[in-house]
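The next block holds one structure in the form of structure tokens; read it before the comments.
What you see is a predicted model, and the numbers here were worked out from it, not measured in a lab.
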Amino acid sequence: MAYEFDRIEKKWQGIWEKEKPYAAKTGDARPKFYGLIEFPYPSGQGLHVGHPRPFTAMDIVTRKKRMEGYNVLFPIGFDAFGLPTENYAIKNHIHPAIVTQKNIENFTRQLKMLGFGFDWDRVVDTTDPTYYKWTQWIFLQLWKKGLAYKATMPVNWCTSCKCVLANEEVVEGVCERCGSPVIQKEKSQWMLRITAYAQRLIDDLDELDYIERVKLQQRNWIGRSTGAEVTFKATTGDDIVVFTTRPDTLFGATYMVLSPEHALVKKWMPLLKNAADVQAYQYAAASKSDLERTELNKEKTGVCLDGVAAVNPVNGRQIPIFISDYVLATYGTGAIMAVPAHDDRDWEFAKRFGCEIIEVVSGGEDVQKAAFTAKDDIGILVNSEFLNGLTVREAIPVITKWLEEKGIGHAQVNYKLRDWVFSRQRYWGEPIPMVLCEKCGWQPLPEDQLPLLLPDVESYEPTDDGESPLSKMTDWVNTTCPCCGGPARRETDTMPQWAGSSWYFLRYMDPHNDKALASKEALDYWSPVDWYNGGMEHTTLHLLYSRFWHKFLYDIGVVPTKEPYAKRTSHGMILGQNPHCFSCMSPDKQKQLIDEFGSEEAAKAHLVEKYGEMAERPSVKMSKSLGNVVNPDDIVRDYGADTMRLYTMFIGDFEKAAAWSDNAVKGCKKFLDRVWALAEAGPEGEDVTAANEAILHRTIKKVSEDIEEMKFNTAIAAMMTLVNEFYKSKPSKGDMRILLELLSPFAPHIVEEMWEMLGFAGRAMGQSWPQYDEAKMVEQTKELAVQINGKLKSTVQVPADAPDETVVEAAKADAKVARAIEGMEIVKTIVVKNRLVNLILRPKK
RNA sequence: GCCGGCGUGGUGGAAUGGCAGACACUGCGGACUUAAAAUCCGCUGUCCAUUGCGGACGUGCGGGUUCGACCCCCGCCGCCGGCACCA
């Protein structure tokens, strides 16, 4: 009889509510282990089938750690500020706080339904004033240290969300969240000086156990370049400072380019003979969207400033100055020296505008035909006076030193990383605790006045002019200056969603503290997070932001470690089955189509014609329109939480995307049914049976190691193999005990029920993790492959660890091998212990 | 364009120098059943041979190293992801 998953799961969830086996104990003598998953945004749709994948994975890891004797902290919370809730509130005229509460309740129900071992007494909600009090407090500390500042600058503006976006939130020129076009808008914004930490954010990656692609992506995003800053003199006497990574090519600089927004252009305007053209170009550049401005293979445009020129400091040559939008105002100094012979972009521009191209590094093709950009030791400097004859690598320090001695330049490092635009013109976020006084300027709210509560407003609608909904709350906005007591106005923008998630893992350590964001004792005990699993999409957002905040908190002595997370892993997405792909249809459906169209080829051709490329992809993102969305509630109702957990782990390589398959879910249910039947059969004998000993020890080793490496699919496969073996060899109670202990982290409900049924003491989850013995893993006899000239010919049974001679004799005695050897001479014999024999033959002379 | 990852049966995937396809899904056959479902047992890479013994091919393509290559090296092709006028 199949087990009653519904009754069993409810029973054990009730017991866990009472017994609290997942409570973490701050200060406990056992070694600590802090496992973290990214807390969910409680959306109105409820838990997505993608959520349980990382949650189950870390649940398994932490359950194993508990069994290994660790004091485990495995917490959960809700990242509840954000736009979808606000938009829902606008549409349905409900306060976002009420929507949030309802959604959190639903998420809590679903998470408990899946049996995750969270410490439910440490739940954190970023919208709770007792939580965001400390988010605001951290902001004030940043302000005190000069790392939060208000600046007016062109910022990314989402035309649909009516809100500014951080650089990290713009993907290919559109809003990361809603896909609407992003334009540049001049606005006064709160900024966080993340660039001050750029170097440390790169350097400290070296010591961290992050998967390589995360490190790489962060390094690329921060984008460190080394080079030099060089000052050119303009004919007006002004200094033009440029950044270059190739100071060695200075003799080849034949013109300069400023970004259209560069301050000197405005200053020089009265002197310019073509001022009208220049202004027209500036205007055109400003009105372009991000997409247009960064469009690929676009022909270079620009205008030469007529009436001013620059002087190349190395040779005194006068060179023209252009403005062009291929030079960005926000990187380096917003101005470049152009070396068309050795830079592709400069070369392209020079060809278009007829600028001179002078070769200063030899070793490439004709620079009149293409730029020669190699930076290594291939190129030798020419036409460069004192640099001639040096390689590029040798020339860079020589010219840098020369520039420093002459006082016209110095070595310089630049980053692509920009400061973090930190204000949002929306309601449902943390209020920024700052007030603007006419006399005193921006003043922080005194810390004893935190939290600054979000006021109730009539309408949550953002305005087209880019003002926050809070700006209409005059009672709230008008306040007094904390410094002089005079009239002042509150900041009406709120913080971005990334604020609350930048430190939530610290609050879990001590979630109810009202004196500090967490006590020193709790921070010292639990820091750092030992293992953090999350999505790749957060690599240059949440993960980078929280590293920055943590480093800042470390600098001001609040946290004991300079990095928040010791280890970072990442999971792949769960995709849906493509209903239009022939090869992933059910056999019935396939037959139906073949009947309809005459042949398989015709049916496939029909699908390709109807759905295009789409029809050839087996798996696609889940979407309502394709009807392939899987709801965890349905799966748990039909198969139970343990099957759901097991299947999400068995679905494929944890790090890669995987497609949901209803049939494969049934396979996992079948596995649990088979284990259940073994327990129901009433096994006897406390000892491990001789027949099962070797495979049990091998399975313990495999499951133990695979969990640590997040290879859950093969861990489950090993347990399936073990159960298949049990069906042949009849397990004892002692054999079953080990299987249940190994299975417990994966399928905790059914395992506890069987544990009780078999009359074992205590709880399965409370046992010590089973240990394996290498000596007991080996079988008495081994099957070895026998190869002839490297190709498999036969297999032979020999005793384990048999000496080479015995193995070779056994191989030669095999009938097939003997036939192959006949008339041949054995030139060479290769024996790999317990694996194979390879005989190299050649015809006898 | 630059950087990274991947390419294995009808499907999801396993194996990182030693018997390719573990484990599972699907399919086929058998047992049980009045019957069906469920369950249990067996088979299931392709092709040739098939009465039986067997044989050939096979990890995107082409080369190489090695006794031996899905794995390492060189050169291509394709797909996915990140960055992208960053000087």
For B/G9, is chi within 90° of 0 (syn) or not (anti)? syn

Is any NZ, NE, NH1 or NH2 atom of the basic residue among A/Asp662 and A/Lys666 found under 4.0 Å from an Asp or Glu carboxylate oxygen of the other? no

Given atom CG of A/Leu839 and atom P of B/C67, what is their separation to the nearest angstrom? 15 Å

Measure from the side chain of A/Lys670, starting at C-beta and using heavy atoms only, and say which of B/G82, B/C25, B/C23 lies closest. B/C25

Nearest-Å distance for atom pair CG/C1', residues A/Asn663 and B/G12: 11 Å

State which of B/C23, B/C67, B/G42 makes the closest approach to the side chain of A/Phe650. B/C23

Are the charged groups of A/Arg219 and A/Asp206 less than 4.0 angstrom apart, N to O? yes

Can you tell me how far P in B/A56 sits from the matching atom in B/A49, rounded to whole Å? 15 Å

Considering only the C1' atoms, how many Å lie between B/G9 and B/A24, rounded to the nearest integer? 14 Å

Rounded off to whole Å, could you give me the CH2-to-C1' distance for the A/Trp676 and B/U39 pair? 17 Å

Under 4.0 Å, counting only non-hydrogen atoms across every strand here, what does A/Arg224 touch: a base, just sugar-phosphate, or nothing? nothing

Separation between the C1' atoms of B/G13 and B/A22, rounded to whole Å: 10 Å

I want to confirm an ordering. Mapping A/Arg246 and A/Lys666 to their closest nucleotides on RNA chain B, which one lands closer to the 5' end? A/Lys666

In Å, rounded to the nearest 0.5 Å, how long is the span from CG of A/Leu743 to CG of A/Asp642? 8.0 Å

Identify whether any heavy atom of A/Tyr415 sits under 4.0 Å from a base atom; if not, whether one sits that close to sugar-phosphate; answer base, sugar-phosphate or nothing. nothing

Mind checking whether A/Phe349 and A/Phe322 have parallel, tilted or perpendicular rings, split at 30° and 60°? perpendicular

Nucleotide B/G68, atom P - distance to NZ of A/Lys833 in whole Å: 23 Å

Base, sugar-phosphate alone, or nothing: which one does A/Gly667 contact when heavy atoms must sit under 4.0 Å apart? sugar-phosphate

In 5'-to-3' order, the base (B), backbone-only (S) or no-contact (-) status of each nucleotide in nucleotides 13-21 of chain B, using a 4.0 angstrom heavy-atom cut-off, is SSS--BB--

Does A/Tyr727 or A/Ser661 map to a spot on RNA chain B nearer the 5' end, using the closest nucleotide for each? A/Ser661

Between CD of A/Glu725 and P of B/C23 the distance, given in whole Å, is 11 Å

NA contact type, A/Asn724, heavy-atom cut-off 4.0 Å: base, sugar-phosphate, or nothing? sugar-phosphate

Please report the distance, rounded to the nearest Å, between NZ in A/Lys701 and P in B/A22. 22 Å

Check the orientation of A/Phe372 and A/His342. Use parallel for under 30°, tilted for 30 to 60°, and perpendicular for over 60°. perpendicular

Using 4.0 Å as the upper bound for N to carboxylate O, is an ion pair formed by A/Arg698 and A/Glu725? no

Which listed nucleotide (B/C83, B/C40, B/A87) is nearest to the side chain of A/Lys416? B/C83

How far apart are the closest heavy atoms of A/Asp346 and A/Met337, and which atoms are they? OD2-O, 4.0 Å

